[in-house]
Protein chains: 2
Amino acid sequence: MITIKDIAELANVSRSTVSRVLNDSGYVSEDARKRVEKVVKETGYVPSEQAKSLRTKKTKVIGVILPTIQTETPSRIVTGLGRELSKHGYQILLANTDHDKEKEIEYLDLLKVRQVDGIILIATNTDAKLMKKIKELNIPLTVIGQEAEEVMCVTYDDYHAQRDLTRFFIQKGHEKIAFIGVDESDRAVGHFRKKGFLDEMAANGLSVEKAWVEKGIFDIDSGREAMEKILSRAVKKPTATVAVTDRLAIGAMSYLKKQGIKIPQDMAIAGIGASEISQYMNPPLTTVDYQNEKAGEEGAKQILASIESSPFQKKIIMGYRLIIRESI
Amino acid sequence: MITIKDIAELANVSRSTVSRVLNDSGYVSEDARKRVEKVVKETGYVPSEQAKSLRTKKTKVIGVILPTIQTETPSRIVTGLGRELSKHGYQILLANTDHDKEKEIEYLDLLKVRQVDGIILIATNTDAKLMKKIKELNIPLTVIGQEAEEVMCVTYDDYHAQRDLTRFFIQKGHEKIAFIGVDESDRAVGHFRKKGFLDEMAANGLSVEKAWVEKGIFDIDSGREAMEKILSRAVKKPTATVAVTDRLAIGAMSYLKKQGIKIPQDMAIAGIGASEISQYMNPPLTTVDYQNEKAGEEGAKQILASIESSPFQKKIIMGYRLIIRESI
DNA sequence: TAAATTTGTGGAATCGATTCCACATTGGTT
DNA sequence: AACCAATGTGGAATCGATTCCACAAATTTA
C-alpha cells in the first residue's frame with residue numbers, strides 16, 4: 001500500500017512538503033506542488049485515516065445512537081443525517097440500542113473510546129443518569145426528539161401539534177375524546193403530547209374520563225390493545241380517539257374494524273408521525289407530519305457547526321403540518 | 001487523556017508489559033499482571049483505537065452499504081447485522097446510497113480508505129462494473145439479497161418463494177393472474193421472482209397475457225399505478241395479482257379499493273416481504289416472510305468468519321414461509 | 001555441573017500521518 | 001549596505017499503541 005513516503009520519493013520532495021500540498025498549509029513552490037499533485041493523481045494515493053486521526057485527533061466520524069432503525073422516525077432522521085454529513089466528508093457509526101436504555105450509556109462510552117468527532121442521540125428519554133453522562137463526555141452532542149437543558153437539540157413541537165390536532169377534533173364536534181399515549185418518561189411523545197391534549201380539552205371546557213386514557217408502546221399491537229381496553233371499560237363511549245403515534249392509531253383502527261365500529265362515523269381517529277402507510281389505511285388516517293429527514297439534516301448541521309466552532313442555533317424546534325384525511 | 005505510558009508508570013512496568021497484559025500475549029509475572037490490572041481498573045483506561053489500528057491494521061468496523069434505510073428489508077437486515085457484530089466488538093459504518101448505483105462504487109472506495117475490516121453490501125443489482133470493483137477491493141465482502149459469483153452472499157430463495165405463492169393462487173382456482181414486478185436489473189426481486197411466477201404458470205398450462213404484466217419501483221404509489229394500468233388495458237380481466245413486494249401489493253390494493261373492486265372476491269392479491277403493516281391492511285395481505293433480521297445475523301457471521309479466516313459457508317440461502325391471510 | 005530452555009522484562013522500532021524547528025534563499029525596508 | 005521579513009524546504013519529534021529484539025534470571029535437561 002502506498003504511503004506518503006512513496007509519494008515524497010516519487011515527487012522528489014520530503015514528506016513535510018507532501019503534507020503541505022495535501023493540506024494546503026505553509027509555503028510550497030509551484031513547481032513542487034505540481035509534481036506532488038501529479039504523483040498523487042497517478043498513484044491514486046489516499047492518506048491513512050488512522051495515521052491522520054492519531055495525530056490530529058479527528059476521525060471524521062459521527063456516532064449515531066438510536067433506539068431502533070426499523071421505524072420511520074429514526075430511519076428518516078438517519079437518512080437526513082447521512083445526506084448532510086456526507087457532504088462534509090463525515091461518516092455515520094451506527095449504535096442501535098434496541099430500546100435498551102442502559103445501552104444508550106454504554107454506547108456513549110464506546111463512541112468516546114472510538115473518538116468520534118460528535119454524537120447524535122435520537123433520544124427516547126432524558127433521565128438524570130443519561131444527562132449526567134452526556135455532560136461528562138465532553139464531546140459535541142445533539143439530542144434529536146427530546147428537549148434537554150444545556151445540550152444542543154432538535155425537537156418537534158409535540159405540545160402544540162397535539163393541541164392543534166385535538167382542537168381539530170373539537171371543531172368537528174367531538175366532545176368525548178379518548179387518548180392513547182406512551183410512557184411519560186418519554187417527555188416528548190409521552191408527556192408533552194398528553195399535556196397538549198389535556199390542555200386543549202380543558203381550554204374547551206371538556207372533561208377527559210380516566211377510562212378514556214390508555215398507554216401503549218411504540219407498536220401497532222399495543223394500539224389495538226389500548227383501544228380494546230378503552231372501549232371495553234368505558235361506560236360513556238368516546239366518539240373520537242387521538243393516539244400519539246400513527247402506529248398506535250393504526251392498531252386502534254384494526255380493533256375498531258374487528259368490532260364493526262365505523263371510522264369516522266362511529267369513531268374518528270388520528271395519530272402523529274405521518275407513517276408512509278397511513279395514507280393507505282382504510283379510511284386514510286389523519287396525522288401530523290414532522291419532517292424527520294429535515295430534522296436529521298438540521299441536527300447534522302448543528303453538530304458540524306459545533307465541531308468546527310462555528311456559530312449555530314443550539315435549540316431548533318421543527319415545524320409540523322396537519323394532514324387531514326378521512327379518518328376524522 | 002490517559003495513555004499506556006501513564007499506566008506503565010503507575011504500575012511500575014514498561015509499556016510492553018502493559019501491552020502484554022492487555023492483550024494476554026507473552027510472559028508476564030503474576031505480580032506485574034495484578035498491578036497492571038488494578039491500575040487499568042482504577043483509572044478506567046481504554047487504549048486508543050486509532051493507535052491500535054495504525055499498528056495492527058484492524059479497525060473493528062464493518063462498512064454497510066445500503067440503498068435506503070427507510071424500508072423494512074434493509075432496516076431489518078441492519079438490525080440483525082448490528083446485533084451480531086456488537087457481540088464481537090464490531091461497529092457499523094453506514095453508507096446510504098439513496099438508490100444511486102454510482103454511490104455503491106464510491107462507497108466501496110471510501111470504505112477501503114477507511115480501512116474497514118469487512119463490507120456488507122445490501123445489493124439491488126450485480127452489474128459488471130460493481131462486481132469488478134468488488135474483486136479489486138481485496139476486502140472481505142458479503143452481498144446480501146443478490147446472488148453473486150465468487151463472492152460471499154446471503155440470499156433469499158426468490159424463485160421458489162414466488163413459485164410457491166403462485167401455486168397457492170392456482171390451487172385456489174385462479175387461472176388469470178396478473179403480475180407486478182420491478183426492473184430486472186435487480187436479479188433477485190426483478191428477475192428471479194418473475195421467473196418463478198412465469199414458470200409456475202407454465203407448469204400448470206396457464207398463459208400470462210402481456211396486458212397482465214406491469215413494472216413498478218420499490219414504493220406503494222407505483223404499485224397503485226401498475227394495478228391501474230393492468231385493469232385499464234386488459235380486455236380479459238385477471239382474478240388475481242401477485243406483486244413482488246408488499247409495498248407494490250399495498251399500492252395495488254389502494255387502487256382496487258378506489259375502484260370498488262372487492263378483495264379477495266373480485267381480485268385476490270399477495271406480495272412478498274412481510275411488511276409489518278401488511279397484517280393491518282383490509283383485508284390483511286397474504287405475503288412471504290423472509291426473516292431479514294436473521295439474514296443480517298448470518299451475513300455478520302459470514303463476514304466475521306472471513307475476517308478471522310475461520311471456515312464458513314460462502315453461500316447462504318435463507319428459507320421463507322408463506323403467510324396466508326384474507327387477501328386470497 | 002554445564003548447557004539449553006523457559007520465563008520475564010524494558011526499550012527501540014514501527015505503523016503513517018502532521019507539525020514544528022532549523023536552516024537557506026530571496027525580497028523588501030531602512 | 002545592513003537588517004528584517006517572506007518564502008521554501010527537510011528532518012526530527014510526536015500522536016499511542018504493538019511487536020520484536022536483547023538481555024538477565026530461573027529452571028530444566030543431559
Side-chain angles (χ1 to χ4, degrees), chain A residues 1-40 43-61 89 110 112-117 139 307-308, chain B residues 1-40 43-61 89 91 110 112-117 307-308:
Chain A
M1 174 178 115
I2 286 178
T3 72
I4 197 170
K5 186 170 181 278
D6 306 306
I7 301 303
E9 280 169 14
L10 290 168
N12 247 335
V13 291
S14 72
R15 283 175 290 139
S16 309
T17 303
V18 177
S19 185
R20 282 193 206 98
V21 173
L22 292 177
N23 293 292
D24 209 6
S25 59
Y27 302 107
V28 182
S29 69
E30 214 39 43
D31 225 17
R33 177 184 301 278
K34 280 182 164 55
R35 291 204 308 279
V36 170
E37 284 173 350
K38 184 169 182 283
V39 168
V40 166
T43 56
Y45 165 73
V46 182
S48 156
E49 289 290 338
Q50 278 69 53
K52 285 174 68 169
S53 73
L54 181 59
R55 194 61 180 85
T56 65
K57 300 209 183 289
K58 297 209 169 269
T59 55
K60 287 280 199 177
V61 170
L110 182 142
K112 177 163 182 132
V113 162
R114 287 277 186 180
Q115 277 198 296
V116 296
D117 294 339
I139 297 179
I307 287 165
E308 274 135 49
Chain B
M1 178 174 113
I2 285 179
T3 73
I4 198 169
K5 186 170 182 273
D6 305 307
I7 301 302
E9 282 170 12
L10 289 168
N12 247 335
V13 292
S14 72
R15 284 176 289 139
S16 309
T17 303
V18 177
S19 186
R20 281 190 207 100
V21 173
L22 292 177
N23 292 293
D24 209 7
S25 60
Y27 302 108
V28 181
S29 70
E30 213 40 44
D31 224 16
R33 179 185 299 280
K34 280 183 162 60
R35 290 203 312 278
V36 169
E37 284 173 351
K38 184 169 182 282
V39 167
V40 166
T43 57
Y45 165 73
V46 181
S48 156
E49 287 291 339
Q50 279 68 53
K52 284 174 71 168
S53 73
L54 182 58
R55 194 62 179 83
T56 64
K57 301 210 184 285
K58 296 203 169 275
T59 55
K60 287 280 200 174
V61 169
Q91 258 67 62
L110 182 141
K112 176 162 182 129
V113 161
R114 288 276 185 178
Q115 278 199 296
V116 296
D117 294 339
I307 288 165
E308 274 135 49

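A, B, ... follow the sequence lines: proteins, then strands. Residue 1 opens every chain. Side-chain atoms are counted along with the backbone in the values below, which use heavy atoms only and exclude waters and symmetry mates.
N23(B) pairs by the side-chain contact (heavy atoms from CB on, under 4.5 Å) definition with S19(B), S25(B), not counting sequence neighbours. The side chain to side chain donor-acceptor pair (under 3.5 Å) search around R15(B) returns none, not counting sequence neighbours. In this structure, the side-chain contact (heavy atoms from CB on, under 4.5 Å) partners of R20(A), at least two apart in sequence or on a different chain, are S16(A), T17(A), V28(A). For the side chain to side chain donor-acceptor pair (under 3.5 Å) test, residues two or more places apart in sequence or in another chain that qualify with Q91(B) are R114(A). The side-chain contact (heavy atoms from CB on, under 4.5 Å) check on K38(A) picks up E42(A), with sequence neighbours excluded. Residues that satisfy the side-chain contact (heavy atoms from CB on, under 4.5 Å) test with E9(A), not counting sequence neighbours, are K5(A). For K34(B), the salt bridge (charged side-chain N to carboxylate O under 4.0 Å, His left out) test picks out E30(B), with sequence neighbours left out. Partners of N12(B) by side chain to side chain donor-acceptor pair (under 3.5 Å), not counting sequence neighbours: none found.
If you take CG of L54(A) and P of dA13(D), they are 17 Å apart, rounded to a whole angstrom. Look at CD on E9(A): it is 14 Å from C1' on dG10(D), rounded to the nearest Å. Atom CD in Q50(B) sits roughly 13 Å away from atom C1' in dC15(C) (whole-Å rounding). The distance between atom NZ of K58(A) and atom P of dT14(D), rounded to the nearest whole Å, is 22 Å.
For the helix from dT1(C)-dA30(D) to dT30(C)-dA1(D), the rotation axes defined at the first and last 5 base pairs enclose an angle of 40°, given to the nearest 10°.
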Contacts under 3.5 Å, N or O only, protein and nucleotides 17-19 of chain D:
{"from": "dA17(D)", "atom 1": "OP1", "to": "Y45(B)", "atom 2": "OH", "distance (Å)": "3.1"}
{"from": "dA17(D)", "atom 1": "OP1", "to": "S48(B)", "atom 2": "N", "distance (Å)": "3.0"}
{"from": "dA17(D)", "atom 1": "OP2", "to": "I4(B)", "atom 2": "N", "distance (Å)": "2.5"}
{"from": "dA17(D)", "atom 1": "OP2", "to": "Y45(B)", "atom 2": "OH", "distance (Å)": "3.4"}
{"from": "dA17(D)", "atom 1": "O5'", "to": "Y45(B)", "atom 2": "OH", "distance (Å)": "2.9"}
{"from": "dT18(D)", "atom 1": "OP1", "to": "N23(B)", "atom 2": "ND2", "distance (Å)": "3.0"}
{"from": "dT18(D)", "atom 1": "OP2", "to": "S19(B)", "atom 2": "OG", "distance (Å)": "2.8"}
{"from": "dT18(D)", "atom 1": "O2", "to": "R55(B)", "atom 2": "NE", "distance (Å)": "3.1"}
{"from": "dT19(D)", "atom 1": "O4'", "to": "R55(B)", "atom 2": "NH2", "distance (Å)": "3.4"}
{"from": "dT19(D)", "atom 1": "O4", "to": "S16(B)", "atom 2": "OG", "distance (Å)": "3.1"}

Atom pairs, N/O to N/O, protein against nucleotides 6-8 of chain D, distance under 3.5 Å?
{"from": "dT7(D)", "atom 1": "OP2", "to": "Y27(A)", "atom 2": "OH", "distance (Å)": "2.6"}

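Look at D24(A) and R33(A) and you find a salt bridge, because one of the NZ, NE, NH1 or NH2 atoms lies within 4.0 Å of a carboxylate O, short of that distance.
Of all heavy-atom pairs between I7(B) and T43(B), the closest is CD1-OG1, 3.5 Å.
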